[in-house]
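Reading through the structure tokens given below for one structure.
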Amino acid sequence: MKKALIFIPIMHSVAVYAQTEMADTLSTQQLNEVIVNAEKPQVRGEDGIMIVDLPAIVRDKPVTNILEALGYMPGVTNYNGMIWLTGASNVTIILNGELTEMPLQNLYQLLYTTPVDRLKNVEIMYSAPAKYHINGAVINVVLKTPTPLDGLQGQVRAGYNQAHYDSYGGGLAATYAIKDWTFDLNYGLSRSKSWSREDTWSNHLYDGHRIMIDDDMRRISQNWSNTVFVSAAWKTLKLTYNGQIISDSKSWGLSSGTLGNYTNAYNMLSPVGYHNIALRYIAPFGMTVGGDYTRYSENRSQSLFKDIDYLLGSENRQDINRWHVYVDQHHQLGMWQLNYGAEYHYSKDHSSQHYGVLSDNPDFDDIIREEVASLYVGTQCSFDWGLSFNLSAKGEYNHNKFQHDWNFIPQIGATYNKTPNNIFQLNFNTQRIYPSYWELHGGTSHINDYSTVIGNTALQPYIQYDAQFNYILRQKYLATLYFQYGHQTTVQLPYQSPDALNLIYQTINMDYERVVGLNLYAPFSVSYIWNAGTTANVMNRRVKADHFHDICFDNSKWIFYGSLNNSFKFSQDCPVSISVDFSYISSSLQGIADMSGIWKIDAGVKCQLGKKRCFELDLKADDIFNKWSPTMTIDHSGQDYRMKVRDMTRNLKLTFIWQFHGFKPKDSNIDTSRFGTGR
């Protein structure tokens with residue numbers, strides 16, 4: 001303070017001297033233009049949460065929707081449309097801090113139809129506080145909120161995708177606000193047709209002899225998909241509807257090889273329907289009350305032919321009704337915040353499988369009722385000396401006819417942020433992972449006379465432990481040291497039966513899976529010309545099972561993942577940008593199987609046109625050399641199997657976007673991880 005008091009009189013004296021002594025010699029002085037260059041932080045940390053400025057990262061990328069944009073986040077990988085978070089065993093995507101009860105495929109479809117321009121930022125929570133009603137890691141997509149001054153805003157999108165077959169679709173996203181009301185609409189319609197291929201060689205040990213069975217399997221599927229997201233909010237009361245209807249859904253499996261030619265035809269006998277309606281209210285005294293109802297229905301037939309001879313047929317049906325209610329309360333006690341609440345899930349799954357008269361496979365028509373109830377308490381606080389944290393503990397009870405479990409789920413997330421240049425984060429969480437409903441019924445699906453997919457009524461949920469330590473340097477460079485341990489984790493892999501010439505696919509519990517690794521992320525740029533981000537992830541994976549059917553294994557392997565994402569501009573205000581991205585995964589493992597290394601190169605062009613650049617044209621080529629498909633090899637304890645995946649991962653996407661009234665779009669999400677008869 002003394003230095004400041006001395007400094008002020010000195011400056012005053014200098015100013016007086018300049019006015020008296022230089023008034024005649026210098027009447028005016030013109031300063032040159034002053035330009036201050038500043039770099040906006042890409043990554044910030046607080047309360048154990050990592051906040052990422054994703055719109056800035058993808059600004060020059062040929063990215064049109066939020067699902068594609070998430071793949072460019074630090075620590076996030078978009079693997080063939082599936083989002084993975086490095087250091088987390090699994091991740092849940094939520095919207096504006098609100099959990100949606102969508103199946104995973106519906107959530108991804110909603111994210112795919114949500115324009116990236118609606119994005120405000122993204123929050124990564126490696127250990128989500130219990131108040132979010134999610135166990136484990138979370139990616140929270142935060143959207144810009146419309147105001148009455150914005151009026152009606154919207155975006156129209158049309159796209160075409162050429163892979164082995166062509167697919168196409170379009171969408172409309174719009175927001176509107178008036179007084180205390182806000183409205184959101186997101187609609188997408190797409191026609192998809194896909195193709196994949198697998199070559200397999202099974203050197204089967206049966207009755208003391210090796211029998212080689214090779215098979216060339218091609219899969220074709222097509223459908224129409226309608227996705228709707230609608231919300232209306234009045235002050236703090238919000239009503240939301242999420243829905244997806246899949247119609248004209250058909251798929252074929254065509255195999256040829258040692259055993260002959262087979263055709264497996266699957267038809268949806270009625271449209272696949274997913275409907276979710278949710279209501280949420282936030283009271284002025286810190287209480288939040290909400291609930292939702294989900295309805296899922298699927299009715300699928302299967303017909304298996306050898307050449308033109310009919311072998312067997314089945315009809316699979318699944319009807320799920322699920323109710324979910326919750327209440328949360330928080331109190332601000334000085335610098336401390338206290339949170340507590342309760343949650344209840346009830347689901348009724350009515351599934352059936354009926355075979356025709358030519359088959360001796362057993363039928364089933366079964367109902368599984370499941371209840372999950374939980375109570376939690378948590379706290380969070382920020383100290384002036386740089387530490388902030390959130391801590392919670394949840395007790396959970398799960399009940400169905402297969403198991404009755406009590407679970408204690410602790411969670412902690414802490415950030416030390418004395419200066420923005422050095423941020424440290426520590427996270428720890430546990431969660432219980434439940435199997436899909438269909439697998440618990442024990443249904444059977446025949447691929448051909450040799451290969452069969454079998455459910456598992458003895459399948460148990462497993463406990464997953466995850467811990468991460470993050471270091472954020474200068475709010476842009478990120479290092480993540482992580483540890484994952486899954487007790488009795490599950491895996492589905494082919495198994496050559498010793499009792500019959502039969503290849504079995506069945507999900508089973510292993511003893512454990514352990515992963516330890518280090519992920520590094522660094523962005524860099526050369527003026528406005530070149531912007532890039534690079535990722536290097538080194539991990540050691542170990543999997544152990546004492547009872548994988550009738551054999552045991554204990555495998556471990558070091559694995560490397562690397563990527564380099566680049567975007568280029570010809571001038572600072574140039575409406576055209578070019579991107580070139582590289583990705584590589586070294587050889588890895590999955591349970592008893594070894595997976596070969598894979599790599600890919602993506603490239604794209606983004607062009608913005610029109611007044612205020614309201615028109616956008618994006619052209620993107622993914623996996624130009626079609627190398628993003630692995631070869632799986634099993635050579636252990638008499639098992640001798642090899643699968644070469646020859647999927648058409650190369651594709652060309654062309655997207656046209658028109659934004660009207662300065663629209664900045666919205667996001668949508670769907671988790672069908674436990675729904676569906678095709679498991």
Side-chain angles (χ1 to χ4, degrees), residues 49 66 92-103 106-107 110-111 114 118-123 125 128-135 138-148 173-186 227-244 274-296 321-332 337-347 372-378 380 390 392 394 666-671:
I49 298 173
I66 290 180
T92 302
I93 302 176
I94 63 177
L95 178 63
N96 289 333
E98 301 176 27
L99 173 65
T100 61
E101 291 293 311
M102 297 183 190
N106 298 52
L107 172 61
L110 185 56
L111 288 171
T114 301
R118 179 73 188 279
L119 195 59
K120 181 179 179 181
N121 59 47
V122 176
E123 298 174 348
M125 294 175 259
K131 65 182 180 180
Y132 289 100
H133 300 289
I134 301 170
N135 300 327
V138 165
I139 294 177
N140 181 27
V141 177
V142 182
L143 305 176
K144 298 173 183 176
T145 303
T147 67
T175 63
Y176 181 69
I178 181 172
K179 294 183 179 180
D180 294 325
W181 289 88
T182 58
F183 302 91
D184 278 296
L185 168 66
N186 196 323
T227 303
V228 181
F229 176 91
V230 181
S231 73
W234 179 73
K235 295 184 178 179
T236 58
L237 180 65
K238 185 177 182 180
L239 179 66
T240 303
Y241 168 77
N242 274 295
Q244 185 179 49
Y274 166 83
H275 306 278
N276 172 266
I277 186 168
L279 185 65
R280 177 185 177 97
Y281 173 67
I282 303 176
F285 51 88
M287 176 177 286
T288 300
V289 181
D292 61 83
Y293 167 73
T294 300
R295 163 74 174 172
Y296 180 86
N321 291 278
R322 188 163 67 181
W323 292 264
H324 170 225
V325 293
Y326 60 90
V327 58
D328 303 304
Q329 177 69 54
H330 79 268
H331 302 281
Q332 194 67 43
Q337 185 181 106
L338 176 65
N339 306 291
Y340 53 89
E343 181 182 21
Y344 176 75
H345 281 92
Y346 173 80
S347 64
V372 181
S374 63
L375 297 171
Y376 78 88
V377 62
Q380 66 183 63
N390 61 76
S392 64
K394 180 166 71 172
K666 165 150 201 159
D667 167 7
S668 356
N669 315 17
I670 301 180
D671 169 24

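In this structure, CG on Asp292 lies 7.0 Å from NE2 on His345, to the nearest 0.5 angstrom. Atom CD1 in Ile94 sits 4.5 Å away from atom CD1 in Ile134 (nearest 0.5 Å). Asp180 contributes atom CG, which lies 12.0 Å from atom CG of Leu237 (distance to the nearest 0.5 angstrom). Note that the CZ atom of Phe229 and the CG atom of Asn242 stand 5.5 Å from one another [nearest 0.5 Å]. The line from CG of Leu279 to NZ of Lys238 is 11.5 Å long, rounded to the nearest 0.5 Å. Annotation: the span from Leu95 atom CG to Leu143 atom CG amounts to 4.5 Å, rounded to 0.5 Å.
Using a 3.5 Å distance cut-off with no hydrogens or angles, the side chains of Thr294 and Asn276 do pair a donor with an acceptor. Between the side chains of Tyr293 and His275, no donor N or O sits under 3.5 Å from an acceptor N or O. A donor-acceptor contact under 3.5 angstrom links the side chains of Lys394 and Asn135, judged on distance only.
Trp234 CH2: 12 or fewer foreign heavy atoms inside a 6.0 Å radius.
Applying the side-chain hydrogen bond (donor to acceptor under 3.5 Å, both in side chains) rule to Tyr326 yields the partners Arg280; only residues at least two apart in sequence or on another chain are considered. Partners of Val230 by side-chain contact (heavy atoms from CB on, under 4.5 Å), not counting sequence neighbours, listed by chain and number: Leu185, Val228. Residues passing the side-chain contact (heavy atoms from CB on, under 4.5 Å) test with Lys120 are Val142, Lys144, sequence neighbours excluded.
Contact detail for Gly97 and Asn140: the closest heavy-atom pair is N-OD1, 2.7 Å. The two residues Pro146 and Thr182 come nearest to each other via the heavy atoms O-CG2, 4.0 Å.
The backbone N or O of Ile282 lies less than 3.5 Å from a partner atom in the side chain of Thr236, making a donor-acceptor pair. With hydrogens and angles ignored, the 3.5 Å screen pairs a side-chain donor or acceptor of Gln329 with a backbone N or O of Phe285. No side-chain donor-acceptor contact under 3.5 Å links Asn339 to the backbone of Asp328.
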(request) Give the C-alpha distance, both sets of side-chain angles, the deciding distance and a yes or no for side chain to side chain contact (heavy atoms under 4.5 Å, CB included) between Leu338 and Val377. (result) CA-CA 8 Å; Leu338 176 65; Val377 62; 4.1 Å; yes
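Of the residues Asn390, Thr92, Ile49, Ile139, the one that meets the side-chain contact (heavy atoms from CB on, under 4.5 Å) test with Met125 is Ile49.
Val138 is not listed as a side-chain neighbour of Tyr132, based on a closest heavy-atom distance of 4.5 Å or more.
Between His133 and Tyr376, the angle of the ring planes goes over 60°, which puts this pair in the perpendicular group of the 30/60° scheme.
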